[in-house]
There are 2 protein chains.
Amino acid sequence: MARIKDVAALAGVNRSTVSRIINGEGKFRADTKRKVEQAMAELNYRPSAIARSLATASSNMVGLLVTYYTGGFFGEMMDQVQSELDCHHKFLITAQGHHSAEGEREAIQRFHDLRCDGYILHSRHLSDDDLRALAKEPIPFVLLDRWVEGLEERCITFDHTLAAKLAVNHLIEQGHRTIACISGPLTRQTSVQRYQGYLEALEDAGIEFDPSLVCEGNYGRESGVAAAQQLLAQRSDITALFSCSEEMMGGALQFFHQQQLQVPKQLSLTSFDSVDLCASFYPTVTAVHFPISDMARTAVAVLHGLLSHQAVETERHFLPKLITRNSVQPLTSY
Amino acid sequence: MARIKDVAALAGVNRSTVSRIINGEGKFRADTKRKVEQAMAELNYRPSAIARSLATASSNMVGLLVTYYTGGFFGEMMDQVQSELDCHHKFLITAQGHHSAEGEREAIQRFHDLRCDGYILHSRHLSDDDLRALAKEPIPFVLLDRWVEGLEERCITFDHTLAAKLAVNHLIEQGHRTIACISGPLTRQTSVQRYQGYLEALEDAGIEFDPSLVCEGNYGRESGVAAAQQLLAQRSDITALFSCSEEMMGGALQFFHQQQLQVPKQLSLTSFDSVDLCASFYPTVTAVHFPISDMARTAVAVLHGLLSHQAVETERHFLPKLITRNSVQPLTSY
DNA sequence: CTGAAAGCGCTAACAC
DNA sequence: GTGTTAGCGCTTTCAG
């Protein structure tokens, strides 16, 4: 593997000249430049990002922490982050948090060991205090889909409560009163927010809350079928259901099909959705879209601002949008 | 950020002693070790992977090239690769090929710039010759789900032809004769192999091939609905259908639902499947499982063997397995 | 506009 | 067992 000194030797110049030409710093005699470029081509020279990192104290790497790789959600996120990073000629390092604070800590440790310039954290298990402590360290980071007091500038957030409200309101507007809810794990901040939205929508409409109408899932498909089964067993009078994740909705829908339940004729459905899975169900399911792509892109922009010490003017808070499909029917038409 | 020399100074020893202790090389006085460890803890010291890479000429990074991040397939692959790599204390770098030879080349270039120790390539667009040329370079790599002559040792392969045959045979065994096929893009080696399996199954059973029974998709869900629509329009006598990807099967199934077509009563279905999407459909779809997880893990093992110059005894060729679900019915029962 | 020389943080002979 | 001394491949003052 050719090194800069080989190029310099072949071109008959000093290493620093080659370095400057590579980095486009200053002016050079056209002749010098030509010779150097020719030498680089001839030797098939590519500067070592590693050596460069050491010399510049900047690795050009960005760490992305996610909870898990499986499922479409993470891929979407990563896709956006990588594309944006490509524009800034930065490398992406990923690590999963393995569903524990310890795992997330280890992942960040790896980023640190690699001397990443900054991190994008989709952290679900580190506490607000952990994060605030991390913010005292010199490495900048942004938080994706998380709000931590005192770290507002680094938070890319989404209004989960409003989103859930939108989805549930849509059912209420269609005349539904007995609305079930499959929530996410209530140990997670965003799950609680979504659940909260469900509650608020009911309250706003003057519908009394009934705990037998809610079932806690774990965001996975299997938990969706289990929840649907349990809910229907508990309450045969349910006319509508709201799921806090698309996977759980998929599971629920599968169960309803098995039961020969007609959607939306006998049961109206709305859901959360981040990767448009709801568009692929039958029937297609009306859902609030969680704009993870936009948020991921914004995260990179904000981090880039932090890294280059420039203020970034982007909106950090995202609002939900309801996408109407074929899973909801007015109650009156029964 | 503390450096090794700070630790050495605080512990009152030489840098190389600290280095040796970190890397567990040789013996040290218990006392020295204690002092050093204490100093490291006190300074919150973490060795710089970058400096270490430069000094050892080994980055401990492995590059993973994939075609695209979206969808569950890649996540599954990455999950396995990362876990295995974790065991060997290696870092994972990923890049997507963006569906072009140029994109794949760029991705590999990035790995090279970062001085990755080795690559795992899920390459779909580089030619066999490109790959053979790459094999002449000093950086070792393995090919995931690809067979290239002359590179057998580095190829982790799957018998796509046999897999498709299994899926189609299953339909034939149930008495079906008019079997449609939604193929993948026939520009891809593995797509062709799957299609080939369909043809061979027909031939073995003495069923004449009819081009109006096949439609080429692009592996995406949308192309599945389009293909299903087209096939049904062309041939109303189809009794069974085989899809070369789970996403396309999902699309097709959605279309069949819209058409009120009963599966498997009026139409039997089999599919390829890598992330068990077929288990989440309604009805669940009988499918041949593409063991991407096992293959990904094997890829790491083989690459690790290459990196440590040890022969690896693992089976590099994977065989399909049919997973029977609820989408197939004997033809006689019509 | 280009060269000389020091240094980024670590490891690896080689001494002692 | 531990210290000394060179690098690894690049950038970056500082001269000229």
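Numbers restart at 1 for each chain; the letters A, B, ... are given by sequence-line order, proteins then strands. What you see is a predicted model; the values in this text were computed from it and never measured.
Both A:P47 and B:S16 lie near DNA chain D, and the one whose nearest nucleotide falls closer to the 5' end is B:S16. Residues A:I50 and B:I21 both approach DNA chain D. Their nearest nucleotides, taken by heavy-atom distance, put B:I21 toward the 5′ side.
Applying the side chain to side chain donor-acceptor pair (under 3.5 Å) rule to B:E84 yields no partners; only residues at least two apart in sequence or on another chain are considered. Residues meeting the side chain to side chain contact (heavy atoms under 4.5 Å, CB included) test with A:T298, sequence neighbours left out: A:I156, A:V302, A:T314, A:F318. Residues forming a salt bridge (Lys or Arg N to Asp or Glu O under 4.0 Å) with A:R15 (at least two apart in sequence, or on another chain): none.
Between B:W147 atom CH2 and B:Q189 atom CD the span is 8.5 Å, to the nearest 0.5 Å. The distance from atom CG of B:L65 to atom CD1 of B:I108, rounded to the nearest 0.5 Å, is 5.5 Å. Expressed to the nearest 0.5 Å, how far CZ of B:R188 lies from OG1 of B:T67 amounts to 6.0 Å. Atoms CE and CG, from A:M61 and A:L92 in turn, are 11.0 Å apart once rounded to the nearest 0.5 Å.
First and last contacts of DNA chain D with chain B, using any nucleotide atom under 4.0 Å from a protein heavy atom and ordered 5' to 3', fall at D:dG1 to D:dG9. First and last contacting nucleotides of DNA chain C toward chain A (any atom under 4.0 angstrom from a heavy atom, 5' to 3' order): C:dC1 to C:dG9.
Of all the residues in residues 3-14 of chain A, A:R3, A:I4 reach under 4.0 Å from DNA chain D with at least one non-hydrogen atom. Listed by residue number, the members of residues 24-44 of chain A with any heavy atom below 4.0 angstrom from DNA chain C are A:K27, A:F28, A:R29, A:T32. Of the residues in residues 105-118 of chain A, not one comes within less than 4.0 Å of DNA chain C through any heavy atom.
Residue pairs satisfying the salt bridge (charged side-chain N to carboxylate O under 4.0 Å, His left out) criterion with at least one member in residues 57-80 of chain A, sequence neighbours excluded, are absent. For the salt bridge (charged side-chain N to carboxylate O under 4.0 Å, His left out) condition, the pairs that include at least one residue of residues 43-63 of chain A, sequence neighbours left out, are A:R46-B:D113. Among pairs with a residue in residues 130-139 of chain A, those fulfilling salt bridge (charged side-chain N to carboxylate O under 4.0 Å, His left out) read A:R105-A:D130, A:D129-A:R132, at least two apart in sequence or across chains. The salt bridge (charged side-chain N to carboxylate O under 4.0 Å, His left out) analysis of residues 33-42 of chain A, with sequence neighbours excluded, yields the pairs A:D31-A:R34.
Closest heavy-atom contact between A:H317 and A:F158: CE1-C, 4.0 Å.
Salt bridge A:R316/A:E153: present, at least one basic N to carboxylate O contact under 4.0 Å.
Among the heavy atoms of the strands lying under 4.0 Å from A:T17 are primed sugar atoms or P, OP1, OP2 only; no base atom is included. Residue A:T56 is in sugar-phosphate contact alone, with no base atom involved, counting any heavy-atom pair closer than 4.0 Å across all strands shown.
Under the 6.0 Å cut-off for aromatic ring centres, B:H112 and B:Y119 do not qualify, their centroids lying 6.0 Å or more apart.
Remark: the backbone N or O of B:L64 is not paired with any side-chain donor or acceptor of B:T94 at under 3.5 angstrom.
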